[in-house]
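The shown structure was predicted, so the numbers you read here are calculated from the model rather than taken from an experiment.
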Amino acid sequence: MPKAVLVRETGGPEVLEYVDVEPRKPGAGELVVAVRAAGVNYIDTYHRSGQYPMELPFRLGSEGAGVVTAVGEDVTGFAVGDRVAWHGAGGSYAEETVVHAAGALHVPEGVDDDTAAATLLQGLTAHYLAASTYPIHAGDTVLVHAAAGGVGLLLTQLAKSRGARVIGTVSTAEKEALAREAGADEVIRYTEVDFVAEVKRLTDGVGVHAVYDGVGKDTFDGSLSVLKPRGYLVLYGASSGPVPPVDPQRLNAGGSLFLTRPTLGHYVATREELEWRAGELFAAIQDGSLKVAVGGRYPLSEAHRAHEDLQGRKTTAKLLLIP
């Protein structure tokens, strides 16, 4: 019997159960995949806690990489033995899972399983943030919160590749070193100094073209205040909690600012867009211009510990579960 991580009731990391499950069979348009590595993402904690409600019980996880073991009807382009990666397939915290062929991507030579599993959700997120939500132009100055996190490290590299000056925020000296290694021009330890005052000092009071904010409640007001007129606050997550309702007049008063709350699904709405974004990411990994850092590998049976460390802000880069 294959193993999987099951949620029967919502709550803290302790509700994650490592259990035997029935083997899966592919339906039409589906693949069965032997999971070699599953990605751990902050959204998984929202599903586990009930912040994003799911029908109980459910198998946790949505991202991974592995090898195709069975192919359903009406599937073209995939065969048993193919190496694939995916995001958005529920139940990826498992030894095997079912993936819709429409959302699976071939993993090219030169990209290992851990890297493939660590790339998609956070890499696709970083790609749409830098290339589409606020398309970074050469000469822009941008602020990246949590610059040593999984998205932050990738976003910093992509922003630099597009010619931006990157200011990052982090909490520790270790995380500062990681952000600088990724290419951040300036790094602010928000635990020691006020990031608002420091950003204004670093920009001579002008402000930044865009803020990429996955933190939410704790940084939102400050993020708005460091934008230059007509700047963009891209709020793509809420690791510190949801932002309270906002009076749109604040955007006017701040300088005709833009506020957006994007999500990945709207930026990979077609197969063509998914393949474009993933193709650019895999190509950059292959040529060495994009480094995907894995900050922790946990046995699948210890998914609860990965969640504890992630929510305790004890981690950097990407976390993986290994069946």
Hey, can you pull the donor-acceptor pairs under 3.5 Å for the side chains in residues 232-245, sequence neighbours left out?
residue : atom : partner : partner atom : Å
S240    : OG   : V215    : O            : 2.8
S240    : OG   : K217    : N            : 3.2
S240    : OG   : D218    : N            : 3.0

Side-chain donor-acceptor pairs of residues 100-110 under 3.5 Å, sequence neighbours excluded:
residue : atom : partner : partner atom : Å
H106    : NE2  : G77     : O            : 2.7

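Cluster annotation: L202 is not connected to V187 through the hydrophobic network of ILVMFWY side chains, with a link wherever side-chain heavy atoms come within less than 4.5 Å. Note on V80: it clusters hydrophobically with V75, by side-chain heavy-atom contacts below 4.5 Å among ILVMFWY residues. A continuous path of Ile, Leu, Val, Met, Phe, Trp and Tyr side chains, each step under 4.5 Å between heavy atoms, connects V111 with L158, placing both in one hydrophobic cluster. Grouping the Ile, Leu, Val, Met, Phe, Trp and Tyr side chains by contacts below 4.5 angstrom, directly or via other members, places L264 with L154. Cluster membership check: L143 does not share its hydrophobic cluster with V170, using side-chain heavy-atom separations under 4.5 Å among Ile, Leu, Val, Met, Phe, Trp and Tyr.
Checking side-chain atoms of K160 against main-chain N and O of A164 turns up a donor-acceptor pair under 3.5 Å. Within the 3.5 Å criterion, the main-chain N or O of A306 finds no donor-acceptor partner in the side chain of D309. Between the side chain of D213 and the main chain of G216, a donor-acceptor pair closer than 3.5 Å is present. Side chain of T69 to backbone of V32: a donor-acceptor contact under 3.5 angstrom is found. Side-chain N or O atoms of D112 include one that pairs as donor or acceptor with a backbone N or O of T115 at under 3.5 Å. Of the possible polar contacts, one joining the Q157 side chain to the L153 backbone as a donor-acceptor pair under 3.5 Å is found. Side-chain atoms of E30 come within 3.5 Å of backbone N or O of G27 as a donor-acceptor pair. For the pair S223 (side chain) and T219 (backbone), a donor-acceptor distance under 3.5 Å is present. Between the side chain of E63 and the main chain of L121, a donor-acceptor pair closer than 3.5 Å is present. Looking at E186, its side chain never comes within 3.5 Å of a backbone N or O of V166 through a donor-acceptor pair.
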> Where do F195 and H145 land on the side chain to side chain contact (heavy atoms under 4.5 Å, CB included) test, with the steps shown first?
Replying inline: CA-CA 10 Å; F195 82 83; H145 284 302; 3.6 Å; yes
> Hey, mind stepping through H87 and L274 against side chain to side chain contact (heavy atoms under 4.5 Å, CB included) and telling me if it holds?
Replying inline: CA-CA 11 Å; H87 78 95; L274 173 63; 4.2 Å; yes
>> Working note: D221 + R250, criterion salt bridge (charged side-chain N to carboxylate O under 4.0 Å, His left out); need CA distance, chi angles, decisive distance, verdict.
In response: CA-CA 10 Å; D221 289 336; R250 291 181 61 188; 2.9 Å; yes
> Which is it for R230 and L257 under the side chain to side chain contact (heavy atoms under 4.5 Å, CB included) test, yes or no, and what are the steps along the way?
Replying inline: CA-CA 5 Å; R230 292 161 56 185; L257 304 177; over 6 Å; no
>> Before you tell me yes or no, could you show the steps for E14 and H307 under side chain to side chain contact (heavy atoms under 4.5 Å, CB included), namely the whole-Å CA-CA distance, both residues' side-chain angles and the distance that decides it to 0.1 Å?
In response: CA-CA 9 Å; E14 70 280 356; H307 277 223; over 6 Å; no
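In this structure, Y93 belongs to a hydrophobic cluster whose other members, linked by side-chain heavy atoms under 4.5 Å apart, are V5, V7, V15, L16, Y18, V40, Y42, I43, Y46, Y52, M54, L56, F58, L60, Y298, L300, L310, L319, L321.
D185 contributes atom CG, which lies 8.5 Å from atom OG1 of T141 (distance to the nearest 0.5 angstrom). A distance of 10.0 Å separates CG in L281 from CH2 in W276, rounded to the nearest 0.5 Å. If you take CD on E280 and CZ on R277, they are separated by 8.5 Å, rounding to the nearest 0.5 Å. Expressed to the nearest 0.5 Å, how far NE2 of H127 lies from CG of L124 amounts to 8.5 Å. Distance check: K318 NZ to D114 CG gives 11.5 Å after rounding to the nearest 0.5 Å. The OG atom of S171 lies 10.5 Å from the CD atom of E176; values are rounded to the nearest 0.5 Å.
Residues Y212 and I136 meet the side-chain proximity criterion, which asks for heavy atoms closer than 4.5 Å. Counting heavy atoms from C-beta on, the side chains of I322 and P299 never come closer than 4.5 Å. Looking only at side-chain heavy atoms (C-beta outward), H137 and R162 stay at 4.5 Å or farther from each other. Here the side chains of V144 and V211 are not in contact, with every heavy-atom distance at 4.5 Å or above. Looking only at side-chain heavy atoms (C-beta outward), E198 and T203 stay at 4.5 Å or farther from each other. Proximity of E96 to P323: side-chain heavy atoms (C-beta onward) are nowhere separated by under 4.5 Å. A 4.5 Å side-chain heavy-atom check between V142 and R165 finds every atom pair outside the cut-off. Two residues are said to be in side-chain contact when any heavy atoms from C-beta on lie closer than 4.5 Å; V99 and T97 meet this criterion.
In this structure, G168 and A147 approach most closely via the heavy-atom pair CA-CB, 3.8 Å. Of all heavy-atom pairs between A130 and L155, the closest is CB-CD1, 3.9 Å. Smallest separation of non-hydrogen atoms from V294 and A118: CG2-CB, 4.1 Å. Contact between G222 and V196 at its shortest, heavy atoms only, is CA-CG2, 3.5 Å. The shortest heavy-atom contact between L129 and P262 is CD2-CG, 4.2 Å. The two residues T156 and G183 come nearest to each other via the heavy atoms CG2-C, 4.0 Å.
Note: Y128 and Y267 have parallel aromatic rings, judged against thresholds of 30 and 60 degrees for the angle between ring planes.
No option in V151, L120, N41 other than V151 meets the side-chain contact (heavy atoms from CB on, under 4.5 Å) test with T125.
Around CD of E181, the count of heavy atoms belonging to other residues, nucleotides or ligands within 6.0 Å does not exceed 12. Atom NZ of K3 has more than 12 heavy atoms from other residues, nucleotides or ligands within 6.0 Å. Residue R297 places its CZ atom among 12 or fewer non-hydrogen atoms of other residues, nucleotides or ligands, all under 6.0 Å distant.
With salt bridges taken as basic N to acidic carboxylate O contacts below 4.0 Å, none links E308 and R305. A salt bridge links R83 and D113; the closest N-O separation between the charged side-chain nitrogens and carboxylate oxygens is under 4.0 Å.
Side-chain contact check for W86 and S92: at least one donor-acceptor pair (N or O, by modelled atom type) lies under 3.5 Å.
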